[in-house]
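Note that the structure is predicted; figures quoted are calculated from it, not measured.
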Amino acid sequence: MPDSRLTRPPPPAPGRALRESTWLRAGLLAAAVGLAVYGLASQWPQVHADLAKLAWYDVAGATLCALAGLGCMMLAWRALLADLGSPLTLRTAIRVMFVGQLGKYVPGAVWAVAAQVELARDHDVPRRRSATASLVAMATTLVVGLVAAGITLPLVSAHAVRQYWWVLAVTPLAAACLYPPVNKFLLDLALKAARRPPLERPVSRAGMARALAWTALGWLCYGAHAWFLIRVFAGRSGDVFALALGAYALAWAVGFLIVFFPGGIGPRELALIAVLSPVMPAASALVVALASRVVMTVGDLAWAGIGLALDRAGGASRPAAPSGRQPSTAQGRRP
């Protein structure tokens, strides 16, 4: 009989246990929500008064800017996918990107990418190609956000720089990963580890430039959405827009890097409150953080609804092969 001590699997590492334990992730999320509820309850009179200050047109403006920012991020992802050899129609790109992106609200770090990969597969996009576009798009969003925070926050909030210096310190390394030769090396290494063939073609410099341009425009829209919410409590000057852009960019990066919380719920709000508290009452910062979360969630749901409606109304077109190229033969058999 085999020795059970030799066949028993080794215990998971602490980091792996955190990623794979549904109960542990749920407990962390419950703790974050509990802290938010406690903050609301402990400062309810001031929070209630600050909520009354948010006019409907401020919330509407923030929502429109959030929708525009999400649309720009989708166009950046679409540009990367087209550059890799799988152009999608706008109708299809909206459906694949935003319906798949709802997976980020599921505990874990891979559900959004996995959903986008499978939805893109329905349109003959190879899995490794769509996964590459999604991962590079997320890295591009992170890098541009960190650059925006690194430029704006030292001008308006030295306190935020001191408290979250470790987030800004990631910027040079993350930016280096976007350089096409480095990007190709890392992606091929990851594909080799997954026992997958390498990409047929890497992201080109022109493709990366287009993605960066759309992403930068998207971050300006994200900054405008935060400005609509912050200006009620901090004024309407140019410094306040810089504060709004830098604060939201830093908070988004914190939520993105702490992968155990679905959609960055908890860490993003805490970081945003910490950055805004030196320039406005803590209760006002809490209102801004919660309103921003609601607005961005509405934006995600609205775009996903648009994608589903477009798909039902006219059906999503299959991707056309680029001129001068034949459709990829490296897609493999459909499961």
With a 4.5 Å cut-off on side-chain heavy atoms, are [Y] and [X] touching?
| X | Y | answer |
| --- | --- | --- |
| Met208 | Val136 | yes |
| Phe98 | Ile306 | no |
| Leu276 | Leu243 | yes |
| Leu75 | Leu90 | yes |
| Phe256 | Met138 | yes |
| Pro126 | Ser86 | yes |

Quick check for you: to the nearest 0.5 Å, what is the distance between [X] atom [atom1] and [Y] atom [atom2]?
| X | Y | atom1 | atom2 | answer |
| --- | --- | --- | --- | --- |
| Leu220 | Thr215 | CG | OG1 | 11.0 Å |
| Arg210 | Thr140 | CZ | OG1 | 13.0 Å |
| Leu119 | Met97 | CG | CE | 12.0 Å |
| Trp227 | Asp58 | CH2 | CG | 8.5 Å |
| Ile94 | Leu88 | CD1 | CG | 11.0 Å |

- Qualifying residue, where the test is side-chain contact (heavy atoms from CB on, under 4.5 Å) with Val96 and the options are His123, Arg121, Glu118: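 So, applying the side-chain contact (heavy atoms from CB on, under 4.5 Å) to Val96 and each of His123, Arg121, Glu118, only His123 qualifies.
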Taking all atoms of both residues into account, what is the closest heavy-atom pair of [X] and [Y], and its distance?
| X | Y | result |
| --- | --- | --- |
| Ala66 | Val295 | CB-CG1, 3.8 Å |
| Tyr248 | His225 | CE1-CE1, 3.6 Å |
| Ala249 | Ala148 | CB-CB, 4.4 Å |
| Ala133 | Leu81 | CB-CD1, 3.8 Å |
| Leu84 | Arg129 | O-NE, 3.4 Å |
| Leu146 | Ala253 | CD2-CB, 3.7 Å |

Same cluster or not: [X] versus [Y], using hydrophobic residues (I, L, V, M, F, W, Y) connected whenever any side-chain heavy atoms lie under 4.5 Å apart?
| X | Y | value |
| --- | --- | --- |
| Val147 | Val254 | yes |
| Met74 | Leu217 | yes |
| Trp214 | Leu212 | yes |
| Leu70 | Leu308 | yes |
| Tyr222 | Ile151 | yes |

- Query: Within the side chain of Arg231, is there an N or O that forms a donor-acceptor pair under 3.5 Å with the backbone of Val240?
  - Reply: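 No; judged by distance alone, with no hydrogens or angles, the pair does not exist.
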- Under 3.5 Å: donor-acceptor pair, side chain of Trp303, backbone of Leu67: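 Yes.
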- Quick check: are there more than 12 heavy atoms from other residues, nucleotides or ligands sitting under 6.0 Å from CH2 of Trp252? yes
- Show your reasoning for whether side-chain contact (heavy atoms from CB on, under 4.5 Å) applies to Phe241 and Ile230. CA-CA 9 Å; Phe241 182 83; Ile230 291 172; over 6 Å; no
- Residue pairs involving residues 63-85 (criterion side-chain hydrogen bond (donor to acceptor under 3.5 Å, both in side chains); sequence neighbours excluded): Trp77-Ser134, Asp83-Ser204
- Going through the checks in order, is the side-chain contact (heavy atoms from CB on, under 4.5 Å) test met by Val294 and Leu290? CA-CA 6 Å; Val294 170; Leu290 295 179; 5.6 Å; no
- Item | Asp300: partners by side-chain hydrogen bond (donor to acceptor under 3.5 Å, both in side chains), with sequence neighbours left out |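 With sequence neighbours excluded, Asp300 shows a side-chain hydrogen bond (donor to acceptor under 3.5 Å, both in side chains) to Gln101, Lys104, Tyr105, given in chain and number order.
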